[in-house]
Amino acid sequence: MKTSNAQPDSHSPLQSLEEWEDFLKARYPEPGTTPAQPFQATDPEKKKAEFRNYEADARPTVREFYRQNHRHQTYEFALAKRKELLTLNRRKMGVWEAAEYLNLLVDDSDPDTDLSQLEHLLQTAEHIRADGQPRWFILAGFVHDLGKILCLWGEPQWAVVGDTFPTGCRYSDKIVFPQYFADNPDSQDSRYQSPLGIYEEGCGLDRVQLSWGHDEYIYYVTKDYLPAEALYMLRYHSFYPWHREGEYQPLTNARDREMLQWVQKFNPYDLYTKSHTKPDVKALRPFYEDLIAEYFPTKLKW
Ligand SMILES: [Fe+2]
Ligand SMILES: [Fe+2]
């Protein structure tokens, strides 16, 4: 199944979902590596200039993707998608089965050099395992992107991937391409434009309606089975304005602030462990089947 489409008005502007992740990697270079242009976080003016460069260097497909995402991800939309998709009455699948199902998502990227969805999951999980992390952490790595199956059910790319952000309150200017929010109807709605919007200070992220995507979906599918730390990783791994930019603190509660470290611990495995060395799916399968069985029932509701 193709996820891409060259039509300019298509809801699949990205040639592959990885285009978005590659952009994130350029925007958030791995700490300790030298980005193409030196990044001086100590100089706020410089930081601003570099930030603009990431946007300027973005591919037109990525730009179009963000334009659609920022325009269509309203508070009402996020609410409606939760209602529609969190009923989990579409399929019953085991976790490995879901990973194989997700692998049906084939895009226009080069199959010889790019990883399949299953390979990305295994690569993430294998790095976590190699670092001697707990078993639930490895499993979080394996399941973290399974929510991308939403693409197989006809959801547009902008409603599956993209850095997430709170709806129902003012947009942080640290969100990439903030100018595209001008086309979001919520930006004309005064209820949603104060710093806290419809929320109370310290209400906790659980009460905050983030833009809809694959994070919230996989959180919901797995929430009865994994430890809280893993669930934070899954639910907020794309919430870069919070875990990388430190924004939206007033919405968080003590538990969110305590759990943030786990989301941050997870992020490098997701973003920086991609290599073209393909994991041996067949050889790894028994280990992951055992791990899955340790935490999950044979079938989960999707
Ligand atoms: Fe993801
Ligand atoms: Fe990922």
Side-chain angles (χ1 to χ4, degrees), residues 3 12 14-28 30 62 65-66 69 73 78 81 85 95 98-103 105-107 109 114-131 133 137-153 155-165 175-176 205 210-223 226 229-244 262-279 281 284 288 302:
T3 61
S12 305
L14 299 173
Q15 300 222 309
S16 74
L17 298 184
E18 281 61 43
E19 268 195 314
W20 161 61
E21 279 143 349
D22 289 345
F23 171 78
L24 280 180
K25 220 161 122 180
R27 185 186 172 195
Y28 297 110
E30 187 169 8
V62 170
F65 163 76
Y66 275 106
N69 176 277
Q73 287 272 4
K81 279 293 157 188
L85 291 163
V95 167
E100 285 186 330
Y101 178 57
L102 175 65
N103 230 20
L105 197 61
V106 177
D107 48 49
S109 53
D114 288 289
L115 294 174
S116 72
Q117 299 292 330
L118 176 57
E119 285 164 347
H120 166 60
L121 293 178
L122 283 171
Q123 208 167 65
T124 307
E126 281 295 287
H127 274 93
I128 295 168
R129 183 181 173 193
D131 278 357
Q133 305 285 9
F137 196 157
I138 304 170
L139 187 53
F142 184 72
V143 301
H144 81 280
D145 274 343
L146 289 179
K148 289 180 180 172
I149 61 170
L150 294 174
C151 279
L152 293 167
W153 297 340
E155 296 298 317
Q157 288 172 344
W158 58 262
V160 179
V161 295
D163 349 2
T164 55
F165 55 85
I175 300 169
V176 75
L205 293 177
L210 293 190
S211 54
W212 173 257
H214 71 291
D215 296 47
E216 183 70 7
Y217 183 75
I218 192 58
Y219 158 72
Y220 211 80
V221 168
T222 58
K223 71 180 171 46
L226 292 175
E229 293 83 352
L231 294 173
Y232 262 80
M233 293 170 178
L234 301 185
R235 196 177 197 183
Y236 300 115
H237 75 273
S238 304
F239 190 11
Y240 283 77
W242 180 50
H243 69 68
R244 288 297 288 252
W262 292 102
V263 183
Q264 291 173 331
K265 223 168 262 186
F266 177 76
N267 182 242
Y269 294 110
D270 186 18
L271 206 51
Y272 307 124
T273 58
K274 280 177 193 157
S275 81
H276 293 312
T277 319
K278 293 177 188 277
V281 177
L284 291 171
Y288 284 92
W302 301 82

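None of the values given here were measured: they were computed from a predicted structure. In listed order, ligands and their atoms are each counted from 1.
- Here the closest heavy-atom approach between residue Lys223 and residue Leu231 is recorded as O-CD1, 3.4 Å.
- Taking 2.8 Å as the limit, the number of protein N, O or S atoms around the Fe ion (ligand 1) is 3.
- Judged by distance alone, with hydrogens and angles left aside, the side-chain atoms of His144 form no donor-acceptor pair with the main-chain N or O of Leu234 at under 3.5 Å.
- By the side chain to side chain donor-acceptor pair (under 3.5 Å) test, Ser238 pairs with Asp215, sequence neighbours left out.
- Scanning for side chain to side chain donor-acceptor pair (under 3.5 Å) contacts around Tyr220 gives an empty result, with sequence neighbours left out.
- Heavy atoms only, all atoms of each residue included: Asn267 and His237 are closest at ND2-O, 4.4 Å.
- In this structure, the side chain to side chain donor-acceptor pair (under 3.5 Å) partners of Glu216, at least two apart in sequence or on a different chain, are Arg82, Arg235.
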